[in-house]
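Please read the structure below before turning to the comments.
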Amino acid sequence: MNGELSINLTGNLKEKPQDDKLGFGTIFTDHMFVMDYEKGKGWHNQRIEPYGPFSLAPSNMTLHYGQAIFEGMKAYKTIDGKVKIFRPRDYLSRMNRSAERLCIPFIDVDYVLEALRKLVSIEKDWVPASEGTSLYIRPFIFATDPYLGVRPSHTYRFAIILSPVGAYYPEGFKPVKIWVESKYVRAVKGGTGTAKTAGNYAASILAAEEAKEKGYTQVLWLDGVERKYIEEVGTMNIFFKIDDKVITPALQGSILGGMTRDSVLRLTKEWGMDVREQEITIQEVFEAHEKGKLQEIFGTGTAAVISPVSSLNWAGNIINLNGGEAGETSLKLYDEITGIQYGKLPDKFEWMVEVE
Ligand SMILES: *Cc1c(COP(=O)(O)O)cnc(C)c1O
């Protein structure tokens, strides 16, 4: 990294929304962090500046070939009035793993973490304080060469934008219905499924739209070869509690390794539960349900933290669980993780990083 971080603050601050009017990803704070990359020069021109549009050439490579990655993490106002970010170093390290797959230059995690802390500290009045609310942090990198040929770009832009987000469960911890996708696939081994890249989402939209038309919130993806092994949900990893065992698909080369997934694995192991990362087929889940051994299903992701699943539809075969209520492990995990995030419970894994 060469040069100083330049800070240019706007005098024209936006009005902050009320906590109960916050949705997800529609409101952005006054400032953003930006830096640029040029081959031979590295990352440079790092700056905090007013949030505003970028100017792009119509031939910008990202618009044509999608060489772009992103992250999603959160900052919280803790009960003692501090602002803390959940596992920022781990999210930024994952960004470098995505970068490697997409031929995007690495970022200096330590430097970017310091810049992020500075940015969030400047915007600390934007961190909402009501229960369940947070400041969503979206770092992203995209190619900027104006060029219509397929090769890695020689120039990139990295930016971090911030968005105050409302409670995910304003009416209480509510389970969702999931469509098991047998027609479309998300990723195959050797593809880009393990990277948080824009194209994975572009490829998922049609399946999600069709599931929504049928009354389901998200899709559960099966493996791309046999449509047999369970992979993950649209924006979440998936867990099953079967016969008192907590099972999640192993990371075998097509699943995104979620930070929330990792947090759940660490907590359930610490609680002494029987936890397994292994292959699991959709057939096994339905058989376990028939035998009365399927106790819970839940998704894990930064936005919802824990999302209990009340219903699965696999080609017309339907599972309904727990009378539509969340299971005990889902609830316990949600309370524990959000308890750590809001500073109500001890941060025994040192997940929270204070701003300033
Ligand atoms: C981001 C993401 C997840 C969840 O990861 P977290 O780090 O827990 O937010 C799961 N699957 C996909 C495809 C994702 O992009």
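Remember, it's 1-based here, ligands and their atoms both numbered in the order they're listed.
- For Tyr201 and Phe70, the distance between ring centers is under 6.0 angstrom.
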Output a table of donor-acceptor pairs, distance under 3.5 Å, between side-chain atoms of residues 242-251 and any protein atom two or more places apart or on a different chain; print 'none' if there are none.
unit_1	atom_1	unit_2	atom_2	d
Asp244	OD1	Gln295	NE2	2.9
Thr248	OG1	Ile238	O	2.5

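- Checking Tyr136 against Arg138 by side-chain atom types alone, a donor-acceptor pair falls below 3.5 Å.
- Here Leu13 sits alone; no ILVMFWY side chain lies under 4.5 Å from its own, so it joins no hydrophobic cluster.
- The ring-ring contact (aromatic ring centres under 6.0 Å, His included) check on Tyr147 picks up nothing, with sequence neighbours excluded.
- Within 4.0 Å of ligand 1, contacts by protein heavy atoms are made from Tyr91, Arg94, Arg186, Lys196, Tyr201, Glu232, Gly234, Thr235, Met236, Asn237, Leu256, Gly258, Met259, Thr260, Gly301, Thr302.
- Residues Tyr216 and Ser311 bring no donor and acceptor atom of their side chains to less than 3.5 Å of each other.
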